[in-house]
Amino acid sequence: MNNLQELEKIQYELAKKLNLNDKIDINNIKTVAGIDTTFLNPWENPTKAISSIIVLDFETMDIIEEVFGEKEIDFPYIPTFLAFRELPSIMEAYQKLKTKPDIFILDGQGIMHPRKMGIASHFGVITDSVSIGCGKTRLIGNFKEPENKPMAYSEVYIKNQLVGYALRVKKNTNPIYISPGNNISVESSLKVIIKCIRNYKLPEPVRLAHNKLKDYLRLLS
DNA sequence: GCGACAG
DNA sequence: ATCTTGTCGC
């Protein structure tokens, strides 16, 4: 059996542990975190991965805590296996967190994935946390284009199963793709992301996690 | 069989 | 996925 088949098997096993019901009351969220990863050289392998986790106050979107993780990685980017490239450095950051937020939002897919195990679901299952995937482009799934107006959205299906939404945050911008990671429902995932949108296309937790990585990289050089 | 394919 | 600048379309 080749490597990728073994990794697929891991994904299928993790998917058995998925919970697509709300584990928390989404009307009483106190804190939310954004997670993002970059690389010293994004087009090389092996290279060093750097991840950030930014914890925010859910109401004000003010930063409460920020941690970073670094890890040498030797796994290339392969579509549907992103977690095996990015999770090691994410876990380095995760173990530094002093306070565990109510929800994590990851840059990438949740169950909008061929084996229901995008990076947001993978992270959510192995940490048993509430997680949501928020991707900037599509990996898999069928949907009709949302109307070209602010906050228009449409349902995304995989084989007749509703797995998430395409959400057009602003007019004339491409939609973002939202799906549950773990311990949250499809519908609640959309509601939470909408409440995290401020003045930009991306929800604040993910946007700030990305910006903080830029700052961090600038400090290294 | 072929094309598409998160970051 | 980076980085920087300018430019175009609504």
Side-chain angles (χ1 to χ4, degrees), chain A residues 4 7-8 11 14-15 34-53 68-91 93 104-125 131-143 145-152 156-159 163-182 189 193 201-203 205-221:
Chain A
L4 289 185
L7 297 182
E8 279 188 6
Q11 290 178 326
L14 289 170
I35 301 184
D36 193 22
T37 301
T38 189
F39 303 89
L40 241 38
N41 188 331
W43 294 291
E44 272 184 13
N45 185 67
T47 184
K48 179 184 276 190
I50 305 169
S51 298
S52 65
I53 304 180
F68 297 86
E70 299 185 13
K71 189 84 172 179
E72 283 295 324
I73 45 133
D74 188 3
F75 191 91
Y77 169 68
I78 304 171
T80 77
F81 296 98
L82 177 67
F84 297 99
R85 179 163 165 85
E86 297 196 348
L87 268 185
S89 73
I90 289 175
M91 295 309 293
F104 292 88
I105 302 174
L106 292 268
D107 190 354
Q109 313 299 342
I111 65 169
M112 204 180 284
H113 178 281
R115 293 170 292 281
K116 305 278 178 284
M117 214 17 78
I119 188 166
S121 294
H122 197 135
F123 173 84
V125 167
S131 63
I132 301 172
C134 179
K136 294 183 289 295
T137 62
R138 190 197 76 115
L139 173 64
I140 190 178
N142 311 308
F143 65 102
E145 273 302 305
E147 287 182 73
N148 189 16
K149 62 182 187 184
M151 302 309 283
V156 179
Y157 293 89
I158 299 176
K159 291 187 302 178
V163 294
Y165 299 89
L167 171 66
R168 194 188 308 280
V169 173
K170 310 171 113 173
K171 183 174 164 71
N172 296 318
T173 61
N174 292 326
I176 57 177
Y177 299 84
I178 297 155
S179 61
N182 190 32
S189 299
I193 294 295
K201 167 179 175 176
L202 293 178
V206 168
R207 190 180 71 85
L208 292 174
H210 191 81
N211 287 350
K212 290 292 180 181
L213 278 180
K214 272 193 191 171
D215 298 343
Y216 190 89
L217 279 178
R218 206 160 354 113
L219 289 179
L220 293 184
S221 59

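- Rounded to an integer number of Å, the gap from CD1 of Ile111(A) to P of dA6(B) is 18 Å.
- Between Ile105(A) atom CD1 and dA6(B) atom C1' there is a gap of 16 Å when expressed in whole angstrom units.
- Side-chain proximity of Asn172(A) to the nucleotides dC10(C), dT2(C), dA6(B) is greatest for dC10(C).
- Contact annotation for Phe81(A): base contact, defined as any heavy-atom pair under 4.0 Å involving a base atom.
- For the side-chain contact (heavy atoms from CB on, under 4.5 Å) with Ser189(A), the qualifying choice from Val163(A), Ile111(A), Ile178(A), Ile105(A) is Ile178(A), the only one to do so.
- Across all strands shown, Ile119(A) has heavy atoms under 4.0 Å from base atoms, whether or not it also approaches the sugar-phosphate.
- Residues Lys201(A) and Val169(A) approach most closely at O-CG2, 3.2 Å, considering heavy atoms.
- Comparing atom distances between the Arg138(A) side chain and each of dA4(B), dC3(C), dC10(C) picks out dA4(B) as nearest.
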- Note on the structure: Read 5' to 3' with Watson-Crick or G-U pairs under 3.5 Å, [ ] for crossing pairs and | for partners on another strand, DNA chain C gives ..........

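- Formation of a donor-acceptor pair under 3.5 Å by the Arg168(A) side chain with backbone atoms of Pro146(A) is found in this model.
- The two residues Ser131(A) and Ala120(A) have their closest heavy-atom pair at OG-O, 2.8 Å.
- Nucleic acid contact for Gln109(A): base, since at least one base atom lies under 4.0 Å from a heavy atom of the residue.
- When atom types are taken as modelled, the side chain of Asn148(A) and the backbone of Asn172(A) share a donor-acceptor pair closer than 3.5 angstrom.
- The NZ-P distance, from Lys136(A) to dT2(C), rounds to 8 Å in whole Å.
- Figure legend: cation-pi geometry between Arg85(A) and Phe39(A), with NZ or CZ positioned under 6.0 Å from the six-membered ring centre and within 45° of its axis.
- At the heavy-atom level, His210(A) lies under 4.0 Å from the strands shown only through sugar-phosphate atoms.
- The distance from atom CZ of Arg85(A) to atom P of dA6(B) is 13 Å, rounded to the nearest whole Å.
- The residue Gly135(A) sits close only to the backbone: its heavy atoms come under 4.0 Å of sugar-phosphate atoms, none of a base.
- In this entry the distance linking CG of Asp36(A) with P of dA6(B) reads 15 Å, nearest Å.
- Whole-Å rounding puts the His122(A) NE2 to dA6(B) P distance at 19 Å.
- The side chain of Thr38(A) sits closest to dT2(C) out of dA6(B), dC10(C), dT2(C).
- Below 30°, between 30° and 60°, or above 60°: for Phe104(A) and Phe123(A) the angle between ring planes is above 60°, a perpendicular geometry.
- A close approach under 4.0 Å does occur between a side-chain nitrogen or oxygen of Tyr77(A) and OP1 or OP2 of dA6(B).
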